[in-house]
Protein chains: 2
Amino acid sequence: MLRLSKMSDYAAVVMAHIARYPEQAHAAAELSEAVGVPRPTVSKTLKMLMHAGLLQSRRGAQGGYRLTRTPIEISVSEIIEAIEGPVAMTECSQAEGECGLAATCGVADNWQRVSMAIRQFLDSVTLADLAQKTPIKMPVMLPIQSVSLASISDA
Amino acid sequence: MLRLSKMSDYAAVVMAHIARYPEQAHAAAELSEAVGVPRPTVSKTLKMLMHAGLLQSRRGAQGGYRLTRTPIEISVSEIIEAIEGPVAMTECSQAEGECGLAATCGVADNWQRVSMAIRQFLDSVTLADLAQKTPIKMPVMLPIQSVSLASISDA
DNA sequence: ACATTGAGGACCATTCTAGTCCCCATTAAA
DNA sequence: TTTAATGGGGACTAGAATGGTCCTCAATGT
């Protein structure tokens, strides 16, 4: 896993499409066609993105959706969260305590750290990155073992 | 999302438990109790981990499960994959082409790169990291924008 | 007025998930 | 050699999540 639902996938594609023409208002029908996803489904996605505050809408003729911020100011994690709720790998890494297993598992702490790292990474990728034609570059991902223990002190 | 199924969660906890006493054989019943998860469910998890080659089993009295490798040699991504199959964020980032939307989406490439980065990160976290009591340190996660474009050249 | 376009929410079908159970094979120990 | 412990394999089920559809109402530009 680390699977992303299809809806999130659509969301990313739709957002990227809008990001390429940020000035225009994009109607659901237009986006549906551009992206090749049935209208009602795109609509649903758009509504979710709107509720999350990533899009603003205007009804009526010439209406449609626009970004509320510039593509650089929107992170991939925000898009994902708009659709799926808080990004976390496991139950215990999102809810406070009450994991049930917490006492016995002895992994919670480290699990949460892993989750956090991924989360931070996703924060750093922007919609602009996604939308651009030339492939984005991967961030430097140092193997966890090679990190000097002092670099991020907690423990 | 980036949600991990409960099964994967169990798997991680169980593996960590075994990793703390690598010499002994651990019976399903023992693990079930240690971890607080019903026996049949733990069993199922163990079977999956075995099929993936992360555990070896011995039947009969005094039997049970052991690691096939040392905790340092087992990565978190392997554990996850043992349960959920290939780790990938989206359909198109795992299957070759034929995403259907590929033509229109224009995001596939970048999406795959994001997925790859996470994947690599998960590769770098080991079972030993998970199992240790003192919290593991986070790897350095440079914001994607700050990475010099030359550092990983493709495009 | 009227055509366009989104809002809101009900609804359904299918898949996935978690979890259970049963019976057989293997192995150690009594 | 019998017995008890232990995993192997797989079928099965209930419930939830997912993806997707549809309908009616509200807003807004022409």
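First the proteins, then the strands, lettered A, B, ... as listed; each starts at 1.
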Using atom [atom1] of [X] as one end and atom [atom2] of [N] as the other, report the distance to the nearest whole Å.
X	N	atom1	atom2	result
B:K47	C:dC22	NZ	C1'	11 Å
B:Q62	C:dA30	CD	C1'	13 Å
B:K6	C:dC16	NZ	P	19 Å
A:K44	C:dT5	NZ	C1'	20 Å
A:M48	C:dA7	CE	C1'	14 Å
A:L55	C:dA7	CG	P	10 Å
A:L4	C:dC16	CG	C1'	17 Å
B:Q56	C:dT27	CD	P	13 Å

Inset, instruction - Could you say whether B:M7 or A:R39 is positioned toward the 5' end of DNA chain C, judged by the nucleotide with the nearest heavy atom to each? - result: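 This one resolves to A:R39.
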Heavy atoms from C-beta onward define the side chain here; which of [options] lies closest to that of [X]?
X	options	value
B:S5	C:dA18, D:dG8, C:dA28	C:dA18
A:R59	D:dG29, D:dG19, D:dA26	D:dA26
B:A28	D:dG7, D:dT21, C:dC21	D:dG7
A:S57	C:dT20, C:dG6, C:dG8	C:dG6
B:Y65	D:dG20, D:dG7, C:dA29	D:dG7
A:R58	C:dG6, C:dG19, D:dG29	D:dG29

Inset, instruction - State, yes or no, whether a side-chain contact exists between A:I18 and A:L55 at a heavy-atom distance under 4.5 Å. - result: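 Yes - at least one pair of side-chain heavy atoms lies under 4.5 Å apart.
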Inset, instruction - Name the orientation class of the two ring planes belonging to B:Y21 and B:H26 (parallel below 30°, tilted from 30 to 60°, perpendicular beyond 60°). - result: tilted
Inset, instruction - Could you check whether B:P38 gets within reach of a base, just the sugar-phosphate, or nothing at all, counting any heavy atom under 4.0 Å? - result: sugar-phosphate
Inset, instruction - Could you please spell out the steps behind the salt bridge (Lys or Arg N to Asp or Glu O under 4.0 Å) verdict for B:E81 and B:R119? - result: CA-CA 11 Å; B:E81 281 186 24; B:R119 168 58 194 267; 2.7 Å; yes
